[in-house]
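Some notes on the structure that comes next.
Proteins come first, then strands; the chains are lettered A, B, ... in the order of their sequence lines, and each starts at number 1. Keep in mind that what you see is a predicted model, and the values were worked out from it rather than measured. What's counted below: heavy atoms across the whole structure, side chains too, no hydrogens, waters or symmetry copies.
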Amino acid sequence: MRLATWNVNSVRTRVDRVTAWLQRRDVDVLALQETKCRDDQFPEERFRELGYEVAHVGYSQWNGVAVLSRVGLDDVEVGFPGMLTWAAKEGAEPAAEARALGATCGGVRVWSLYVPNGRQLGDPHYDYKLEWLAALRTAAGGWLTADPAAQVALVGDWNIAPQDDDVWDMKVFAHSTHVSGPEREAFRAVVEAGYADVVRPHTPGPGVYTYWDYTQLRFPRREGMRIDFVLGSPAFERRVTNALIDRQERKGKGASDHAPVIVELAD
DNA sequence: ATGCCATCCAGAGGATGA
């Protein structure tokens with residue numbers, strides 16, 4: 001079974017690219033982030049006609065996460081228990097955002113996650129990011145306490161570069177989000193709760209990334225960040241036989257700024 | 001060793017992104 005995650009940066013803009021890629025890569029389960037549409041705008045039929053079941057949550061033009069599967073898609077869950085809410089505007093009522101979607105596919109509990117960006121160090125959105133991750137750690141840790149043999153995959157855009165090797169030049173990020181101590185600590189807490197980066201052993205660095213900014217020739221200059229991860233429970237990790245970051249898909253006109261990440265699992 | 005910012009909605013500019 002092949003499971004992948006991809007921040008597509010608008011599914012409507014890139015649906016042709018995504019469907020072609022799914023077929024070329026023979027992917028069974030795909031978690032998408034930043035679909036940037038409401039449920040009624042999601043191009044569900046384009047995936048159904050290729051044999052995929054579809055679960056999506058999107059409330060507006062922002063965020064949006066999905067799981068596509070051709071090996072079953074059951075027990076769909078919008079958001080995880082205890083997920084933080086966010087007030088988009090001053091004085092607005094805090095509400096859940098479309099940043100987490102769970103579904104069981106081929107025996108794996110897959111969570112498509114779009115971790116808050118954080119914007120700037122000290123910004124309210126930065127605190128939201130840290131608290132959102134702490135809540136995720138609590139929920140995900142609980143799943144393994146309840147069932148240590150569970151096959152769980154926490155996949156998506158984590159908006160954190162956990163190691164210095166995960167950016168091309170730490171000096172550029174001296175006062176930036178994504179590399180700060182508290183963010184890295186929040187990421188590590190999820191790992192310590194029992195979830196391992198199953199991709200890194202198959203894609204060693206340095207210089208291996210999943211995201212390249214559209215500006216300043218970042219991609220041809222190979223100046224990127226590794227911020228998209230597949231974190232797997234022990235039972236999931238044992239099934240992983242290979243992994244790759246599909247850098248090819250970042251090339252050309254109309255590419256997302258993120259590359260897809262694929263994991264191969266033993267049957 | 002593949003290219004010089006993109007997406008959305010609104011409505012011709014602003015917010016978001018990492």
Quiz item: When every nucleotide of nucleotides 8-18 of chain B is labelled 5' to 3' by its protein contacts under 4.0 Å (heavy atoms), B for base, S for sugar-phosphate only, - for none, what sequence of letters results?
Solution: BS-----BSSB
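- On the C1' atoms, B:dG17 is 22 Å away from B:dG11, given to the nearest whole Å.
- If you take atom C1' in B:dG14 and the same atom in B:dC4, they sit 24 Å apart, rounded to whole Å.
- Note on residues 190-209 of chain A: pairs passing side-chain hydrogen bond (donor to acceptor under 3.5 Å, both in side chains), not counting sequence neighbours, are A:D197-A:R226.
- Phosphate contact (OP1/OP2 of B:dT2, side-chain N/O of A:R221, threshold under 4.0 Å): absent.
- Here B:dT2 presents its P atom at 7 Å from CD of A:Q248, a figure rounded to the nearest Å.
- Summarising the geometry, the separation between CG on A:N9 and C1' on B:dT7 is reported as 6 Å, rounded to the nearest angstrom.
- On the C1' atoms, B:dT2 is 33 Å away from B:dG13, given to the nearest whole Å.
- One C1' atom belongs to B:dA1, the other to B:dA6, and the distance between them is 24 Å to the nearest Å.
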Exercise. Any chance you could lay out the salt bridge (Lys or Arg N to Asp or Glu O under 4.0 Å) test for A:E249 and A:R14, step after step, and finish with the verdict?
Key: CA-CA 11 Å; A:E249 196 53 40; A:R14 255 170 280 291; over 6 Å; no
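- Rounded to whole Å, the P atom of B:dG3 lies 31 Å from the corresponding atom of B:dA15.
- Residue pairs meeting the salt bridge (Lys or Arg N to Asp or Glu O under 4.0 Å) criterion with at least one partner in residues 109-128 of chain A, sequence neighbours excluded, are A:E77-A:R109.
- The same atom, P, is picked in B:dA10 and in B:dT16; the two are 15 Å apart, to the nearest Å.
- With sequence neighbours excluded, no residue forms a side chain to side chain donor-acceptor pair (under 3.5 Å) with A:R222.
- Residues that satisfy the side chain to side chain donor-acceptor pair (under 3.5 Å) test with A:D26, not counting sequence neighbours, are A:R70.
- In the model, A:E34 has no side-chain atom that pairs as donor or acceptor with a side-chain atom of A:N9 under 3.5 Å.
- If you measure from atom CZ of A:R14 to atom C1' of B:dC5, you get 12 Å, rounded to the nearest angstrom.
- Side-chain heavy-atom separations under 4.5 angstrom define the hydrophobic clusters, and the remaining members of the one that includes A:L30 are A:W6, A:V8, A:V11, A:V15, A:V18, A:W21, A:L22, A:V27, A:L32, A:F42, A:F47, A:L50, A:Y52, A:V54, A:L68, A:L244, A:I262.
- The interatomic distance linking A:E223 (CD) with B:dC4 (P) rounds to 15 Å, in whole Å.
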